[in-house]
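Written out below as structure tokens is the structure these notes cover.
Ligands are counted one by one from 1 in listed order, and the atoms in each one are counted from 1 as well.
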Amino acid sequence: MAGMTSSARPLLNRRLAEFGTTIFAEMSALAVRTGSINLGQGFPDTDGPEEIREAAVRALRDGRGNQYPPGPGVPELRTAIAEHQRRRYGLSYDPDTEVLVTAGATEAIAAALLALLEPGDEVIALEPYYDSYAACIAMAGAKRVPVTLRPHHGGDAGFRLDLDELRDAVTPRTRLLLLNTPHNPTGTVLTRAELAEIARLAVERDLLVVTDEVYEHLVYDDAEHIPLATFPGMRERTVGISSSGKTFSFTGWKVGWVTAAAPLVTAVRSAKQFLTYVSAGPFQYAIAEALALPDSHFTGFRDDLRAKRDLLASGLADAGFEVFRPRGTYFITTDIARLGEKDGIAFCRALPERCGVVAIPNAVFYDDREAGRTQVRFAFCKRTNVLDEAVSRLGSL
Ligand code: PMP
Ligand code: GLN
């Protein structure tokens, strides 16, 4: 019997029992199996800068990072991360005590939650939430408390956070806010005013905050990414997380990082050292060089993605989807109700057969499945001709 021993006790512990296989693995496998265009899992179909790839090759050849790098990350990368935070946001972190390199943002999230939570603590996360949040909160034995971002139909507002709902969700057991902005999958970028209010709430209720900022460089139009750690009273209570995967289009390298005050980094490192100890060495040297690329790299990449967003957004709208225009990330959330569709999960499972495109049903990112039942997410980090072809296929629906 699958998943059972002879004593009939499930092999998978009950904390993880509800999670199954991640939607990204399921949908990417479906794309491969059906030969569909994969607008599901978020990864670019063009690698990052050639000189950064060469930097990784050089590091490998020169024997830098081929043996265990230092646990907190190679000094060159920690210094480059600190310099990036200073240059872009005016945040100052000591590379030796306040920066930690991790195996992608995924490990940073896991290590932060495992380090900072006790069983029974409540964690508030914006719903729809990135799928690893729920699993990591569960592994820590804590309880997730979703606060739902609500779609604004008709206008250009996209999904918005209701600050009163957030305030009401805080209880005496709340230990931590797990905040993601720019937000996957909705593309919402929290505004300065919203962040200021969240900061006030965190100080008032003495909460820790973990901020997932992996899309920090992917913001469009009038949106601006502002790290929560820059607000009064927040530096000492915020664990900032980012990753090179999205910023430099090397999602397979899995180089992420944490920046925070020394006591927080010390705590997160205590968990991190027993998860992976360290992550791949040569890539760390290459990402140190990537972080020092001129501003034109970051703006050029962003402008390219904005054009792709516009292309896919108008194609989806023409095909009959309701489109929530994202201010950040490389995802567009749509609503399929206008197409006469009632269920995003069934829709996404059938989409390859119907028109050779793969997408992600947002329902899996909700506790309140009803709230996300007709939402479907499309990634636009693909070559223009691929997006054109996807739009033409979706037009046949
Ligand atoms: N957080 C969010 C919101 C994401 O979309 C992703 C996927 N890139 C991650 C974390 C994980 O990042 P990484 O690949 O660096 O582990
Ligand atoms: N962050 C990517 C997404 O949201 C996927 C990363 C993963 O597969 N875990 O699509």
Side-chain angles (χ1 to χ4, degrees), residues 19-32 38-45 48 73 77 81 100-113 125-137 149 159 177-190 210-219 225 239-259 268 272 275-276 279-280 283-284 286-287 290-291 305 326 328-333 348 358-366 372 375-382:
F19 295 107
T21 300
T22 101
I23 193 70
F24 305 116
E26 180 188 339
M27 288 299 163
S28 281
L30 184 63
V32 170
N38 190 355
L39 303 188
Q41 190 178 29
F43 62 89
D45 61 357
L77 178 54
I81 293 164
L100 175 66
V101 176
T102 55
T106 305
E107 189 198 29
I109 293 160
L113 298 179
L126 304 184
E127 178 182 72
Y129 45 73
Y130 184 59
D131 69 344
S132 85
Y133 298 177
C136 290
I137 292 167
L149 298 178
F159 284 69
L177 299 180
L178 176 49
L179 212 64
N180 172 216
T181 181
H183 182 261
N184 177 10
T186 65
T188 299
V189 181
L190 295 175
V210 172
T211 58
D212 178 345
E213 306 176 44
V214 301
Y215 299 100
E216 61 183 313
H217 288 284
L218 308 189
V219 291
H225 175 68
V239 175
I241 292 175
S242 195
S243 164
S244 61
K246 309 293 161 171
T247 302
F248 301 111
S249 299
F250 289 118
T251 59
W253 289 10
K254 297 295 292 187
V255 178
W257 53 85
V258 168
T259 49
V268 178
K272 183 261 182 307
L275 294 176
T276 56
S279 48
F283 296 130
Q284 294 190 32
I287 295 300
L291 283 164
L305 280 171
T329 76
Y330 42 48
F331 304 112
I332 295 177
T333 282
C348 288
V358 160
I360 298 284
N362 281 9
V364 301
F365 305 135
Y366 281 88
Q375 290 171 25
V376 170
R377 187 194 85 175
F378 294 86
F380 55 83
C381 46
K382 306 292 172 183

Let's go through F365 and Q375 carefully: what are the C-alpha distance in whole Å and the side-chain angles of both, what is the deciding distance for side-chain contact (heavy atoms from CB on, under 4.5 Å) to 0.1 Å, and is it a yes or a no?
CA-CA 10 Å; F365 305 135; Q375 290 171 25; over 6 Å; no

Report every pair formed by an N or O atom of ligand 1 and a protein N or O atom separated by less than 3.5 Å, giving atom names and the distance to 0.1 Å.
{"from": "ligand 1", "atom 1": "1 (N)", "to": "D212", "atom 2": "OD1", "distance (Å)": "3.4"}
{"from": "ligand 1", "atom 1": "1 (N)", "to": "D212", "atom 2": "OD2", "distance (Å)": "2.5"}
{"from": "ligand 1", "atom 1": "5 (O)", "to": "N184", "atom 2": "ND2", "distance (Å)": "2.8"}
{"from": "ligand 1", "atom 1": "5 (O)", "to": "Y215", "atom 2": "OH", "distance (Å)": "2.6"}
{"from": "ligand 1", "atom 1": "8 (N)", "to": "K246", "atom 2": "NZ", "distance (Å)": "2.7"}
{"from": "ligand 1", "atom 1": "14 (O)", "to": "K254", "atom 2": "NZ", "distance (Å)": "3.3"}
{"from": "ligand 1", "atom 1": "15 (O)", "to": "A105", "atom 2": "N", "distance (Å)": "2.8"}
{"from": "ligand 1", "atom 1": "15 (O)", "to": "S243", "atom 2": "OG", "distance (Å)": "2.6"}
{"from": "ligand 1", "atom 1": "16 (O)", "to": "A105", "atom 2": "N", "distance (Å)": "3.1"}
{"from": "ligand 1", "atom 1": "16 (O)", "to": "T106", "atom 2": "N", "distance (Å)": "2.9"}
{"from": "ligand 1", "atom 1": "16 (O)", "to": "T106", "atom 2": "OG1", "distance (Å)": "2.5"}
{"from": "ligand 1", "atom 1": "16 (O)", "to": "K254", "atom 2": "NZ", "distance (Å)": "2.7"}

Does the side chain of T276 pick up a donor-acceptor pair with the side chain of E107 at under 3.5 Å?
yes

Hey, mind stepping through Y215 and F331 against side-chain contact (heavy atoms from CB on, under 4.5 Å) and telling me if it holds?
CA-CA 11 Å; Y215 299 100; F331 304 112; 3.1 Å; yes

Applying side-chain contact (heavy atoms from CB on, under 4.5 Å), run through I287 and W257 and close with a yes or a no.
CA-CA 11 Å; I287 295 300; W257 53 85; 4.0 Å; yes

Neighbouring protein residues of ligand 2 - any heavy atom closer than 4.0 Å:
F24, Q41, G42, Y130, N184, Y215, K246, F331, R377

Donor-acceptor pair, [X] side chain versus [Y] backbone, under 3.5 Å?
| X | Y | result |
| --- | --- | --- |
| H183 | L190 | no |
| Q284 | S279 | yes |
| T22 | F24 | yes |
| N180 | D212 | yes |

Regarding K246 and the six-membered ring of F43, is the cationic atom NZ or CZ under 6.0 Å from the ring centre and inside 45° of its axis?
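Judged by the rule, K246 and F43 form no cation-pi pair.
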
